[in-house]
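Inspection log for the structure reproduced underneath, given as structure tokens.
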Protein chains: 2
Amino acid sequence: MQKKVSSQPRARPRADKERNRARLIAAAKQVFAARGAAASLEQVASEAGVGIGTLYRHFPKRDVLLEAVYRQETDTLVDAADRLMAQQEPVEALREWLLLFVDFIDTKRDMADALNTLIGGPEPLYSGTPSHLASSIEALVDGAIKTGTFRIDIEPLDLLRAIAGVANIRPGQNWKPSAIRMVDLLIRGMQIER
Amino acid sequence: MQKKVSSQPRARPRADKERNRARLIAAAKQVFAARGAAASLEQVASEAGVGIGTLYRHFPKRDVLLEAVYRQETDTLVDAADRLMAQQEPVEALREWLLLFVDFIDTKRDMADALNTLIGGPEPLYSGTPSHLASSIEALVDGAIKTGTFRIDIEPLDLLRAIAGVANIRPGQNWKPSAIRMVDLLIRGMQIER
DNA sequence: CAATATACGGAGGCTTCCTCCGTATATCAA
DNA sequence: TTGATATACGGAGGAAGCCTCCGTATATTG
């Protein structure tokens, strides 16, 4: 009793889809920066000039939206890893990259609790975007190990977790010097003693 | 136009107050363990057999309740610090205590996200109960430094933060081995190289 | 210019938070 | 004991956010 069985799939996705997605990311970046990562999603939607339903269609979970917002920034970090590995001695490259990671957290510290949510949740930033930060830190650590002066018996990502722990735990404070010193402490701990 | 100006303050607080407080803590311990630290406070109240108003009167913020729930456990850690310092060589005492801290997180991992909330918030566990864990870890670190084989240029509490970072970030996983290795890594990093 | 696959919007049901204030009760003085 | 009253209790209800659902609108295609 069907009038028509055919269903011809669209050739390309509709234009408004991509446009709204972009708007939502921009709005989220702004709103999260202003009110923290726990900001109302309804607010993000209205800031973007779209309905709440549209937001949820594009980003089913808050995490997904946050990841999209940070994608660009993490891309920058990934690029930096490549650059450092090409230009620096391996251990120094790792050290500098970890310091960049500290800066990354610092820049976005407005949403420190956002990061916390991300990191703490079941879909953590660092495992949600494994191709991203994970592969970078792993490559850096590999390089350092190959020098023979370096050892590590934890997951490379745990380095980031430790740093994030030092940083995120105190949203308002000046945690940054502490985080920097933690980087050095970690490096020292991984250096093979002579 | 007052009928009576006198106001005679009670000699001792009412009995029901303390009783309800105890009930609330017990209920919270149970509910948090079962449903995670984000569990509804209304649920805690009803489990305790008191009204929601009573809960809020006793514990104005979720943090305060969480802290009360953990008070006993952290007390245990504080005691352990004293014991270890008396019985062990300083650096070893620090190491063992950090491992106990890992266990502490592990035991309560049901509420891992609770810890996260606590730690991430503006009223963090470790600064909310400074007399507790803070003074313990500081004393341990002091002892280690006095041996002359040890140095540290970060806040002692940052050690806990790093460990918590490694642990809390992955609620469901088997993070414990990683955390243990992180303890050793940190210790190595603080050991003065020869 | 249909026809129709896609996408949008936002009302509404649900949950939790937290305050406010009328009611109940423990304590004390006489 | 008993009345007075300082204290504490309870829970209704307003506010806010989450997320789904489905009728409506629109981009795209032949």
Side-chain angles (χ1 to χ4, degrees), chain A residues 2-28 31-32 34-66 111 113-114 117-118 121-123, chain B residues 2-28 31-32 34-66 111 113-114 117-118 121-123:
Chain A
Q2 304 112 309
K3 284 259 173 101
K4 201 83 168 279
V5 187
S6 86
S7 85
Q8 49 195 82
R10 263 312 94 92
R12 290 187 328 226
R14 283 171 54 157
D16 43 352
K17 186 178 190 180
E18 198 52 33
R19 176 166 41 79
N20 283 334
R21 187 188 148 86
R23 278 186 186 170
L24 279 166
I25 292 179
V31 171
F32 286 157
R35 336 268 284 203
S40 155
L41 294 185
E42 325 234 309
Q43 183 142 182
V44 171
S46 105
E47 182 75 17
V50 306
I52 184 66
T54 299
L55 185 150
Y56 275 97
R57 202 172 319 103
H58 282 279
F59 308 100
K61 313 202 121 216
R62 178 181 294 266
D63 302 24
V64 181
L65 177 54
L66 278 173
M111 27 196 305
D113 41 326
T117 307
L118 260 180
E123 192 68 44
Chain B
Q2 305 112 310
K3 283 259 173 104
K4 203 79 167 283
V5 187
S6 87
S7 85
Q8 49 196 83
R10 274 289 111 88
R12 289 189 329 227
R14 286 171 52 155
D16 43 352
K17 186 178 190 180
E18 198 51 33
R19 177 166 41 79
N20 283 335
R21 186 187 147 86
R23 280 186 185 169
L24 279 166
I25 292 178
V31 172
F32 285 158
R35 335 268 285 205
S40 155
L41 293 184
E42 324 236 306
Q43 183 143 182
V44 171
S46 105
E47 182 75 17
V50 307
I52 184 65
T54 298
L55 183 150
Y56 275 97
R57 202 172 319 104
H58 282 278
F59 308 100
K61 315 201 119 216
R62 180 182 291 266
D63 301 26
V64 182
L65 177 54
L66 278 173
M111 27 195 305
D113 41 325
T117 307
L118 261 179
E123 192 70 42

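Residue numbering restarts at 1 for every chain, and letters A, B, ... go by the order of the sequence lines. In what follows, every heavy atom counts, from backbone to side chain, and hydrogens, waters and symmetry copies are set aside. Quick caveat, the model's predicted, so the values are computed rather than measured.
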For B/K17 and B/H58 the tightest heavy-atom approach is O-CE1, 3.3 Å
Heavy-atom closest contact (A/A39 atom, A/R35 atom, distance): CB-CB, 3.8 Å
Gap between atoms [atom1] and [atom2], on [X] and [N] respectively (whole Å):
{"X": "A/R12", "N": "C/dA7", "atom1": "CZ", "atom2": "C1'", "answer": "17 Å"}
{"X": "B/F59", "N": "D/dC9", "atom1": "CZ", "atom2": "P", "answer": "11 Å"}
{"X": "B/K61", "N": "C/dT16", "atom1": "NZ", "atom2": "C1'", "answer": "16 Å"}
{"X": "B/L55", "N": "C/dT19", "atom1": "CG", "atom2": "C1'", "answer": "13 Å"}
{"X": "A/R19", "N": "C/dC8", "atom1": "CZ", "atom2": "P", "answer": "8 Å"}
{"X": "A/R23", "N": "C/dA7", "atom1": "CZ", "atom2": "P", "answer": "16 Å"}
{"X": "B/D16", "N": "C/dT27", "atom1": "CG", "atom2": "C1'", "answer": "10 Å"}
{"X": "B/Y56", "N": "C/dT19", "atom1": "OH", "atom2": "P", "answer": "8 Å"}

Is any side-chain heavy atom of B/T54 less than 4.5 Å from a side-chain heavy atom of B/R57? yes
Find out whether A/L65 and A/F32 are in side-chain contact, i.e. whether some heavy atom of one side chain is under 4.5 Å from a heavy atom of the other. yes
Are B/H58 and D/dA8 close enough that a side-chain N or O sits under 4.0 Å from OP1 or OP2? no
A/R14 side-chain proximity, nearest of D/dT20, D/dT26, D/dA8: D/dT26
Lys/Arg-Asp/Glu bridge criterion (N-O < 4.0 Å) met for A/D63, A/K61: no
Going 5' to 3' through nucleotides 10-17 of chain D and flagging B where a protein heavy-atom sits under 4.0 Å of the base, S where only the sugar-phosphate is that close, and - otherwise, we get BBB----S
Nearest 0.5 Å, please: how far is CZ in A/R62 from CG in A/L55? 9.5 Å
